[in-house]
Amino acid sequence: AQKVTQAQTEISVVEKEDVTLDCVYETRDTTYYLFWYKQPPSGELVFLIRRNSFDEQNEISGRYSWNFQKSTSSFNFTITASQVVDSAVYFCALSEMVRGSTLGRLYFGRGTQLTVWP
Amino acid sequence: DVKVTQSSRYLVKRTGEKVFLECVQDMDHENMFWYRQDPGLGLRLIYFSYDVKMKEKGDIPEGYSVSREKKERFSLILESASTNQTSMYLCASSPRSWGAENEKLFFGSGTQLSVL
């Protein structure tokens, strides 16, 4: 079973629309980290955010916001007023503790291809 | 600026060849990782290493091996390349554990390997 599920394979929106990318995760740990990465057409993965399991506060950074809900095991990502430059593949990822450390190992979802049309 | 460098952006090899993919990081990170990325499958972990000469299997280690003789360098080896190993290979590194808020997995630009 996948630890991270991104049910939306592809999303297309028109510029200035708001869009939400869904992420559902599965873990038995009480301490874990959640991530979002962006992969533009150039290919390099760009870090967007990291949250730990004890911090359920929603976060806003410019046009980006994240909604973390432990009750539903979800960590959704919203882009407000989308722009063409937001077109990319977005990955949600989970990191669990191993032998008392994160060890940096991430489990990735399959990604959501977002296309923003002008 | 922190960097994870992969030696080749594109590589074309023939079936049965031995292939080496090299990765170097300049951040003095303990952990290093090799992922492969395939359309619709996301990133899957092949091998990782949390110290020099240490290695652990990830989710899809079959057909691969790794070498970590120095802290900054982590090599992925395809002993006998096959066509189903055609993929994008991504190297990453991270500090041993995340204490500071900005600590995360740092990625290289990837190597697109084609096995003919």
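Values reported hereafter were calculated over all heavy atoms of this structure, with side chains retained and with hydrogens, waters and symmetry mates removed.
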Measuring heavy-atom distances to chain B, does Gln39(A) have an atom under 4.5 Å in its side chain, in its backbone, in both, or in neither?
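Answer is side chain: those atoms of Gln39(A) sit under 4.5 Å from chain B.
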Give the minimum heavy-atom separation between Gln6(A) and Tyr90(A), together with the two atoms involved.
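Shortest heavy-atom separation between Gln6(A) and Tyr90(A) comes out as NE2-O, 3.0 Å.
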Proximal component of Leu45(B), with respect to chain A [non-hydrogen, under 4.5 Å]
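Side chain only.
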Contact class of Gln112(B) relative to chain A, heavy atoms under 4.5 angstrom
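Nothing of Gln112(B), per the 4.5 Å heavy-atom cut-off to chain A.
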Candidates Trp36(A), Phe35(A), Tyr37(A) - the one meeting ring pair (Phe, Tyr, Trp, His ring centres under 6.0 Å) with Phe77(A)
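Between Phe77(A) and the candidates, ring pair (Phe, Tyr, Trp, His ring centres under 6.0 Å) is satisfied uniquely by Trp36(A).
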Ring centroid separation for Phe47(A) and Phe106(B), is it under 6.0 angstrom?
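They do not qualify: ring centres at least 6.0 Å apart.
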Report the option among Leu45(A), Val46(A), Thr9(A) that has the most heavy-atom pairs separated by less than 4.5 Å from atoms of chain B.
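Looking at each option in turn, the highest pair count goes to Leu45(A).
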Run the salt-bridge test on Arg36(B) and Asp38(B) with the 4.0 Å N-O cut-off and return the result as yes or no.
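Counted as a salt bridge, because a side-chain N and a carboxylate O are separated by less than 4.0 Å.
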